[in-house]
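What follows is a single structure, written as structure tokens, with notes after it.
All ligand and atom numbering here is 1-based and tracks the order in the structure. Everything quoted here is computed from the prediction, not taken from an experiment.
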Amino acid sequence: MPQHEAGAGRYAPSPSGDLHLGNLRTALLAWLFARSSGRRFLMRIEDLDRARDAGSGEHQLTDLTLLGIDWDGDAVLQSDRAADHEAAIARLADAGLVYECTCTRRDILAAPSAPHAPPGAYPGTCRDRSDAEREEARRAIAPRLPALRLRVPEGSGEREFTDLVLGRARGEIDDFVLRRGDGTVAYNLAVVVDDAAMRVDQVVRGDDLASSTPRQILLQRLLGLPSPPAVEYAHVPLVLGPGGARLAKRDGAVTLSDLAADGIDAEAARAILARSLGLAAPGELVTLTQMLDRFDPALLPREPWTWPPASVGAYPRRA
Ligand code: GLU
């Protein structure tokens, strides 16, 4: 029998502050999906967006370790991978699949949308410029630089994909940005290039990213990288705050540090998250190994979980 290199799952947080219970729950699930399927588990800090980078990568890794999550090898910093990102953009450009876009957000909102285009889709203003028009447009926005967009080929719109949690899921594909005018490589491009380089074949993340997945699958195909079914996706339910909206820092004690200040240590926090996933009884403290023994992706709750749960009083508190 030929030996195949084992695949990998990963967790890929953006270092924009401490991880909250929603992020931590997704990280636990990514670990459980990977380890229960015999995959390696990798870590990548997605630090490309300088405006949102709060330098919290190291602290995020500490919190993940406190929960008991481990990973193989060193955490990868996305900002170290710029050469690969640029090489991918260059390959797409060589294939005629990249164009410069000088539109501002306001230009895009003001432009008439193309017939049948999904709401918010890029209207294609800069798509078919001649060389002279492009030079003129560049001059007009100087010193701002143009963004780069993908010229989505006609008929490449497979908008549906199979998801381990959602079943069939979909998202729209327009001529999305590959690199912003300020030089920042876009999330969709970086995530595809990095997952392929790290041999990730299982992507587990929050279901707010499900609608981006068809764009990422299109990029995989255009770049000749592994794509479904060789790569599998699991988009997991978000955690909601007391008001019913997606959990956020304003919802109070939602990070491990906040909870510790309230007397709930990482072991109790892990137990609360395990309970929310149906992997522990109310008040029961469990290890990650026990959670792994009990984990069955088919039994994962499909509904969002609301913080704080009624059973929060059942967990031990340190004075
Ligand atoms: N960095 C993204 C986030 O923190 C996740 C990207 C991914 O898992 O594909 O929301």
Could you verify whether a donor N or O on one side chain and an acceptor N or O on the other, from D107 and T104, lie under 3.5 Å apart? yes
State, without any angle test, whether N188 and Q216 hold a side-chain donor-acceptor pair at a distance under 3.5 Å. yes
Taken in chain and number order and not counting sequence neighbours, the residues that satisfy salt bridge (Lys or Arg N to Asp or Glu O under 4.0 Å) with R144 are none
Heavy-atom side-chain proximity of I264 to R317 below 4.5 angstrom: yes
Expected contact list for ligand 1 at under 4.0 angstrom, heavy-atom basis, is R10, A12, P13, S14, E46, Y187, V191, R205, L209
Would you say that R294 contacts L299 through its side chain, given a criterion of any heavy-atom pair below 4.5 Å between the two side chains? no
Are side-chain N/O atoms of R168 and T162 paired as donor and acceptor at under 3.5 Å? yes
